[in-house]
Structures are given as structure tokens and as C-alpha cells.
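By convention in this document, chain letters (A, B, ...) are assigned in the order of the sequence lines, proteins followed by strands, and residues within each chain are numbered from 1. Computed from a prediction, not measured in an experiment: that's the story for all the values here.
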Amino acid sequence: MRAFNAELSKLFSLPGIWLAFLIGAFAPVFIASMDSIAQKEEIIAGVSTRLPEVGYIGLALGVQGVIILGVLAVSSEYLAESSESGGGQQITTSLTVVSSRLHFLLAKAGAVTVISILLSVVAIITTLSATHLVLGEYTPAFDWLKLIGAVLYWTFTALLAFGITVLTKNGIIPLAVLIINTSVVSFSFLLSKVTKLALYLPDRAGAEMFMFTSDRFLTPFTGGLVMFAWVVVLFIAAAIVFHRRDVAS
Amino acid sequence: MLTINNLVKHRGNQEILSGISFKARPGRVTGFLGPNGAGKSSTLRILLGLDRATSGSALINGKPFAELHNPLATVGAALDGFGAHRMRTGRAHLRWIARAAGLSRSRVEEVLEIVGLTNAAGKRVGNYSLGMGRRLGIAAALLGDPKILVLDEPVNGLDPEGIRWIRTFLRERAQSGNTVLLSSHLMGELAETVDDVVIIKHGKIVADGTLEEVTGNHHTLEDAFFALTSEHTGDVV
């Protein structure tokens with residue numbers, strides 16, 4: 001519990017984390033509002049084909065906030081100090097304060113999970129309010145299960161970003177790949193054109209929890225389970241590598 | 001008490017430590033000396049559980065680091081660099097460490113006072129001078145008021161005043177029964193601070209004893225050091 005408190009304290013005292021909060025809290029509401037405004041006429045006329053996506057589209061794209069959170073939680077440990085100061089890293093301090101590496105990793109993952117849940121709840125509240133504001137009485141009813149699905153999607157995504165960064169020790173690669181994947185081109189979407197197996201990739205399977213996809217393959221529950229399995233496997237791999245690694249290397 | 005027993009470390013094909021053994025005892029300042037790349041930092045890293053030994057053991061009060069219940073209250077360490085994220089303030093850095101060890105915020109202010117960083121505590125670590133960063137590292141090591149201190153090159157980058165401060169400070173710690181192990185390549189500074197000396201060269205211990213024993217017939221510790229660590233040891237002595 002102490003280690004968990006320390007991890008929360010570390011995250012909140014890192015200026016970069018406020019960027020994650022800013023994006024997490026405002027990107028979904030911005031995207032959802034733009035989308036609702038664009039679709040408003042079709043929705044009122046009752047001809048919109050994307051009605052089930054209203055609002056959720058923001059939550060799917062706004063997940064970048066927690067990606068930054070997951071990556072930064074780990075990459076900040078490995079950020080090298082200036083060579084003038086001897087090129088130290090915070091990780092040496094972290095591991096001389098908490099003697100068990102597994103405890104350290106669990107505490108950090110716990111802190112990322114809690115912040116992700118809070119951030120996704122904030123994003124849902126702002127997104128739903130904005131959608132109501134734009135569409136008024138035409139706002140489609142939101143399904144509780146889907147909203148819980150969105151919370152899980154955000155949390156799992158943050159943990160995937162966390163696990164990948166433990167393996168790479170550097171934030172740039174996971175940040176670039178994951179942000180591009182969620183905003184510009186979805187690699188799993190491209191791959192799914194080649195093989196159906198790509199539908200089991202974590203981002204795609206997880207999206208089934210709350211997004212309406214025209215070629216639905218997994219039920220929301222199975223989709224969530226598949227994404228969770230990815231999180232567990234990646235965490236175990238990260239824990240094994242982290243446990244065996246020399247911090248100096 | 002710190003006990004290093006037959007420690008071996010391989011990295012790739014290289015043997016960095018070839019079976020080194022020594023002790024650092026309570027009530028004494030032990031200086032761990034050696035040229036750059038001799039294996040000083042590797043030894044300290046293994047002792048603190050940061051790196052894994054290929055074989056042998058490094059024990060803190062008879063236990064490996066990973067088995068310590070509350071490490072911060074047992075052993076305080078300051079290794080290379082500041083060990084802090086440069087975007088955080090010095091105070092925020094010490095506060096998260098204090099949380100991890102279940103210590104109060106007032107303890108943070110105490111250690112800031114001890115190392116003389118109170119006025120700079122609100123500044124980001126990235127703006128610290130080398131000397132301030134070293135003081136921050138020592139403040140972190142002192143948070144849990146441990147009986148054992150492990151410091152890697154503590155006087156590196158300190159100004160004369162800082163060097164004097166750390167010398168007095170470490171002597172006081174040892175006199176009140178604590179164990180202090182510090183590594184250095186600065187002989188002159190060390191001779192005035194340490195009680196015991198361990199000299200390492202190419203991953204092997206070449207001298208181990210009290211300051212007088214190791215200095216032996218040589219004029220100064222520095223002379224003894226060069227006699228023991230130069231490539232043609234036989235010629236010099």
C-alpha cells in the first residue's frame with residue numbers, strides 16, 4: 001500500500017501527467033461534440049447510420065490520454081539525467097526504496113489503473129453531457145454496460161502501454177505506435193483485411209465492448225475477455241523481464 | 001554490517017568481478033577504492049539488489065537486499081547521478097520516497113535541513129547544480145535514518161565546502177555506531193575520512209585493511225594506491 005501511495009505521488013508530481021489528464025478529459029468530449037454536430041441533421045431526420053456510435057466515438061479516440069499515462073509511468077523511471085550529473089536514473093532510487101521488484105511493478109500498475117478509471121469516468125461524464133447539449137432530445141440512450149466497457153477499454157489500454165514500456169524502457173516507441181494506432185491508422189484494422197485473426201488483437205477485441213462495428217466478430221463480453229488476456233500475458237512477460245534485468249544494463 | 005562474499009559478475013563475455021570478498025563494519029567508515037571501471041559501482045549495485053550476481057553473495061545485516069522488510073530504514077544509498085526525475089522538485093522527489101517508506105512529511109523537511117537544501121527544495125531537479133544533486137541523493141539516503149549508508153563517489157562534484165561537510169558528516173555517522181561504505185577514486189579526500197580501506201583493481205581485491213595497514217610503508221594512501229593498482233605493481237614497490 002505504501003508503494004502504491006508512492007507511485008500515485010510520483011505520477012501526480014510529474015508535469016507531463018497533466019498533459020495526459022488534459023487529453024483524457026477533453027479529447028473525447030471534443031471529438032464527440034464535433035461528430036454530433038456533423039451528424040445532427042441526419043439524426044434528427046432519422047436517417048443516421050451511425051447512431052449507435054454517437055458519443056462513443058469520442059471515447060474510442062480519446063483513449064490517448066491514458067496511453068500517455070501508462071507510458072509515462074514507466075518511461076519517467078528510465079529517463080536519463082544529464083551526463084553532467086552522472087547520468088543517473090530514477091529507477092535506481094525506486095528500487096532501493098521498494099525491495100521487491102514485483103511489488104514495485106504491481107504498485108505502479110495499480111496507480112495507473114486507478115487513475116485510468118477516474119479519467120475515463122470524467123471523460124464519460126463530459127462526453128455524455130456534451131452530446132446531450134448538442135443533440136438535446138435526439139440523444140440516443142446510453143447503455144450502462146457499454147459505458148463500463150469504455151472504462152475497461154481505457155484501463156486495459158493504459159496497462160498495455162505500461163507493459164510495453166516496461167519491455168522497451170523507453171517511451172518514444174510505444175507512444176508513437178500506440179498513438180498512431182488509435183488515431184491515424186489502426187494496424188489491427190489493416191491486418192484484419194488480411195486475416196481474421198487480427199480481430200483478436202487487443203485494441204480491436206477491446207473496442208467490441210462499447211463500439212458498434214459493422215462486422216461484429218466477438219460479443220462485447222468475449223471482446224473484453226480477449227483484451228484482458230492480452231493485458232495479463234503482457235504483464236507477466238514484463239514482470240519476468242523486469243525481475244531478471246540488471247538495472248545498470 | 002555489510003558482507004561481500006566471493007562475488008562474481010559476468011556481463012557478456014567479460015568478467016567484471018572475479019570473486020571479491022570484504023566487510024564493512026559498524027562504527028567505521030569503509031572506503032572502497034579503485035580506478036574507473038575496476039568494479040566499484042557494480043559491487044554496490046549488486047549489494048543494493050539493482051544488478052544480479054553471477055555467483056557469490058552480498059549481504060546487508062546477513063540478508064540479501066531483496067529480503068529486507070523496510071529497506072529505507074536499514075540501508076540508505078546514493079548511487080551515480082541524482083536518482084531523481086529532472087521535472088520534479090527536490091521536495092516532491094523526497095516526498096514520494098517518504099511515502100514509500102511510510103515516513104512523515106516533516107521528516108522530508110528535516111533531511112532537507114541536514115543537507116542544506118531547504119532553500120532549493122522548490123526548484124526542479126533539472127536546474128540543480130552537481131553539488132545540489134549529490135546533496136539531494138544523500139538526503140534521500142538519510143530519510144529512513146538507516147544504520148547503514150552506501151554512497152557511490154559522494155564527493156564527486158562537491159565544492160570544497162561540500163566535501164568538508166560530507167567528511168564531517170560521515171565521521172559523525174560512524175562515531176555513533178553506523179556503518180558507512182563509500183566508493184571513490186579521490187585518494188586525498190578519502191584518506192581523511194575513512195577508517196578501513198578496500199582496494200579493487202580489474203575486479204579483484206588487491207588490499208583490505210585499516211587505513212594504516214593499507215598505507216603501510218608508503219608515504220600516503222595515494223602512494224599505496226598507485227603501488228597496488230598500477231600495471232607494473234612489482235616495479236613500483
Side-chain angles (χ1 to χ4, degrees), chain A residues 1-20 72-108 110-111 171 240-249, chain B residues 9 11-12 41-42 45-46 48-52 60 63-72 74-89 91-93 95-103 124-126 128-130 132-134 137 140-141 143-144 150 152-153 156-157:
Chain A
M1 202 59 200
R2 284 172 176 179
F4 170 75
N5 281 338
E7 289 305 326
L8 279 182
S9 169
K10 267 187 204 174
L11 282 173
F12 283 114
S13 58
L14 211 57
I17 222 68
W18 298 102
L19 179 71
L72 218 56
V74 182
S75 67
S76 63
E77 294 283 345
Y78 289 101
L79 182 74
E81 295 162 20
S82 64
S83 52
E84 188 209 311
S85 69
Q89 294 170 333
Q90 183 185 285
I91 186 84
T92 57
T93 309
S94 298
L95 292 181
T96 46
V97 172
V98 179
S99 55
S100 159
R101 293 199 183 187
L102 187 63
H103 277 180
F104 169 75
L105 216 54
L106 284 172
K108 214 178 233 323
I240 291 171
V241 169
F242 187 67
H243 184 71
R244 307 172 91 154
R245 182 148 70 197
D246 276 356
V247 173
S249 66
Chain B
K9 172 71 180 172
R11 193 167 286 149
S41 294
S42 293
R45 282 172 171 280
I46 292 171
L48 295 165
L50 294 169
D51 288 5
R52 300 178 153 261
I60 297 162
K63 282 184 190 168
F65 183 85
E67 287 174 23
L68 296 179
H69 191 61
N70 189 356
L72 214 58
T74 312
V75 55
L79 296 184
D80 46 31
F82 309 169
H85 194 283
R86 60 171 93 121
M87 293 302 278
R88 217 174 259 127
T89 65
R91 183 176 279 119
H93 175 67
R95 279 190 177 168
W96 76 250
I97 301 174
R99 282 204 174 195
L103 300 164
R124 292 222 166 116
V125 173
Y128 278 16
S129 69
L130 194 46
M132 288 157 86
R134 299 302 301 175
L143 265 176
V150 176
D152 196 4
E153 304 276 1
N156 235 4

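- Residues B:Arg95 and A:Lys10 are not in side-chain contact: their nearest non-hydrogen atoms beyond the backbone lie 4.5 Å or more apart.
- For the pair A:Pro15 and B:Arg124, the minimum side-chain heavy-atom distance is below 4.5 Å.
- Rounded to the nearest 0.5 Å, atoms CE (B:Met87) and CG (A:Leu14) are 8.0 Å apart.
- Using a 4.5 Å cut-off on side-chain heavy atoms (C-beta onward), B:Trp96 and A:Thr93 make contact.
- Inter-residue side-chain proximity for B:His85 and A:Glu77 is flagged as unmet; no heavy-atom pair is nearer than 4.5 Å.
- For a residue to count as touching a neighbouring chain, one of its non-hydrogen atoms must lie under 4.5 Å from one of that chain's; by this rule A:His243 touches chain B with backbone and side chain alike.
- Residues A:Thr96 and B:Leu72 come closest through the heavy atom pair O-CD1, 4.4 Å.
- Contact of the B:Asn70 side chain with the A:Arg2 side chain is registered, since non-hydrogen atoms from C-beta on lie closer than 4.5 Å.
- Residue contact with chain B, scored on non-hydrogen atoms closer than 4.5 Å, involves the backbone of A:Ala80 exclusively.
- In this structure, CG on A:Leu95 lies 10.5 Å from CG on B:Leu48, to the nearest 0.5 angstrom.
- With hydrogens and angles ignored, the 3.5 Å screen pairs a side-chain donor or acceptor of A:Ser99 with a backbone N or O of B:Leu68.
- With sequence neighbours left out, B:Lys9 forms a salt bridge (Lys or Arg N to Asp or Glu O under 4.0 Å) with A:Asp246.
- A:Leu79 touches chain B through its side chain: at least one heavy atom from C-beta onward sits under 4.5 Å away, while N, CA, C and O do not.
- Residues forming a salt bridge (Lys or Arg N to Asp or Glu O under 4.0 Å) with B:Arg99 (at least two apart in sequence, or on another chain): none.
- Between chain A and the residues B:Ala141, B:Ala101, B:Gly133, the largest count of heavy-atom pairs under 4.5 Å involves B:Ala101.
- Of the inter-residue distances, the one linking A:Arg245 atom CZ with B:Asp51 atom CG reads 12.0 Å to the nearest 0.5 angstrom.
- For B:Ala66, the parts lying near chain A are the backbone and the side chain together; criterion is any non-hydrogen pair under 4.5 Å.
- Of the possible donor and acceptor atoms, none in the side chain of A:Asn5 sits under 3.5 Å from a partner among the backbone N and O of B:Ala100.
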